[in-house]
2 protein chains.
Amino acid sequence: MSGQEVEGAARGRRVGLTRSRVLDAALEIIDRDGLAALSMRRLGAALGVEAMTIYHYVPNKDALLDGVLEEVFRQSYSRRLRSGSWQEQLRSYAHPLVDQLREHPGIVPLMVQRPALTSQTLGMMEQGLEVLHAAGFPLPRALQMIHALIGLAIGHVVAGGADDSEDRLGHLAQEDLSTFPLVGRAVQDAGGSHLPEPFETALDAMIRGFEADLSTSA
Amino acid sequence: MSGQEVEGAARGRRVGLTRSRVLDAALEIIDRDGLAALSMRRLGAALGVEAMTIYHYVPNKDALLDGVLEEVFRQSYSRRLRSGSWQEQLRSYAHPLVDQLREHPGIVPLMVQRPALTSQTLGMMEQGLEVLHAAGFPLPRALQMIHALIGLAIGHVVAGGADDSEDRLGHLAQEDLSTFPLVGRAVQDAGGSHLPEPFETALDAMIRGFEADLSTSA
DNA sequence: TTGACCACTCATACGGCGTAAGTTTACGGT
DNA sequence: ACCGTAAACTTACGCCGTATGAGTGGTCAA
């Protein structure tokens, strides 16, 4: 009882870290305080560990970020898509994507910043290509469509899908409403009517466009 | 000739800086070496000035980044859209956006990271809303469409529009082609056939979708 | 002409960042 | 009981953004 181990941080004390636990903690920080708040030292602190310890589970911070990204989409795109028309399949393909982005808006910058051609993202693309190729789209066209779909999801989260977007837009309403009247009214009306599902309608529009495209070339 | 002023950096020496010149230099660094390479010290060096000098033209780095973003879209969205059907107007609305993004891919992360509800971006939105509102779309719906359009542009630049995307995808082709055959073939075929204009077709698909939407509700 | 003001620039310093290098501890297998 | 090694820590370096304050030179009033 000499009180020597009171201060944590015993040098060789095992803490039971795991790559997965590290990634989860990182995602938690990103979700709570944003991507900029994620530093190796803060992550270490959250795990009860010094920063350098993390480097035993991840080669560097970029790899950590890639790992977080991969983790986020792992569950969504490991299982098979349910069957149905290609339109339905495409919808069920896009939904987990936008759901995850809405749940973790902080990772959107990651998707944009990192090349992110990990096996996970490639797997996502492959899965989408299967659906569209089977539906009769030429592969390069199908690839464009996947890009468009991902872009649509990102755009929706960035520009309007994040839950605080109404707040942000509504916040500055006072002064700029007069300069940009339509924007103001659009926000106001949207808040009132509460559209059924914004992403849904945009997705449907795009799918209808694809339909026309398919019937033209087929 | 005592050789006292040999080392640059005379203390009160005017250099002829301007907020605009600062923003231009910042954009140049972003274009050449990427967003991560832009630091106040590097920017200062590029301008022949110490880092702190920049703070006389910009309150902090975030404001600098917002300024760059604003600069990029200033020219594109200061003039009126040319007249025509709303479809044509929408196309002419989207083009400068995607053109600028393709020319300055480094600013895409900025669009995603910063709230970017500057008067510039609001002006962009207002302009788009005018077109769609005049075409008969309800304002909240029109706002969604603008979001979708912006998202589409971003997605295209991020996922496939940047000129090096073929390189990036083609690079890892060797090993992963067998694991993700469709992705490989899609890239290969796309490289061969050189589609006329990838963004064009995606944009058209979305517009067709919007058309169907309009005729339904009208 | 002089002198005061002020716009502009620089120097210094602080805390935080990613991470390279090396050190210490304790667990698992012999 | 021993030891190799995995897991943790310590220290240090060169970056970063920026707060603070001091120096400098052009402008303009007196």
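Throughout, a chain's letter reflects where its sequence line sits, starting with A, and its residues are numbered from 1. Both backbone and side-chain heavy atoms feed into the values below; hydrogens, waters and symmetry mates do not.
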Enquirer: Under 4.0 Å from any atom of DNA chain C, heavy atoms only: list the residues of residues 53-61 of chain A that qualify, in numerical order.
Expert: A:Tyr55, A:Asn60, A:Lys61
Enquirer: Check whether any side-chain heavy atom of A:Ile107 sits under 4.5 Å from a side-chain heavy atom of A:Gln100, and report yes or no.
Expert: no
Enquirer: Counting any heavy atom closer than 4.0 Å, what does A:Gly16 reach on the DNA or RNA strands: base, sugar-phosphate only, or nothing?
Expert: sugar-phosphate
Enquirer: How about B:Phe73 and B:Met111: do any of their side-chain heavy atoms sit closer than 4.5 Å?
Expert: yes
Enquirer: Would you kindly give the CG-to-C1' distance between B:Asp62 and D:dT18, to the nearest whole Å?
Expert: 12 Å
Enquirer: Can you name the residues that form a salt bridge (Lys or Arg N to Asp or Glu O under 4.0 Å) with B:Arg32, not counting sequence neighbours?
Expert: B:Glu28
Enquirer: Is the shortest heavy-atom distance from the side chain of B:Leu143 to the side chain of B:Leu132 under 4.5 Å?
Expert: no
Enquirer: How many whole angstroms separate atom CG of B:Leu43 from atom P of D:dT18?
Expert: 12 Å
Enquirer: Between A:Glu50 (CD) and C:dT23 (P), how many Å, whole number?
Expert: 18 Å
Enquirer: Look at the side chain of A:Arg14 and the base of D:dA6, then say whether one donor and one acceptor between them are separated by less than 3.5 Å.
Expert: yes
Enquirer: Would you kindly give the CE-to-C1' distance between B:Met52 and D:dG23, to the nearest whole Å?
Expert: 15 Å
Enquirer: Could you tell me whether the side chain of A:Ile207 reaches within less than 4.5 Å of the side chain of A:Leu203, counting heavy atoms only?
Expert: yes
Enquirer: Short of 4.0 Å, heavy atom to strand atom, which residues of residues 25-42 of chain B count as contacting DNA chain D?
Expert: B:Leu38, B:Ser39, B:Met40, B:Arg41
Enquirer: Side chains of A:Leu23 and A:Arg19: closer than 4.5 Å at any heavy-atom pair?
Expert: yes
Enquirer: Mind calculating the distance between CG (A:Leu65) and P (C:dC17) to the nearest angstrom?
Expert: 14 Å
Enquirer: Are A:His95 and A:Glu200 close enough that a side-chain donor and a side-chain acceptor fall under 3.5 Å?
Expert: yes
Enquirer: Could you check whether any side-chain heavy atom of A:Arg185 comes within less than 4.5 Å of a side-chain heavy atom of B:His133, counting everything from C-beta outward?
Expert: yes
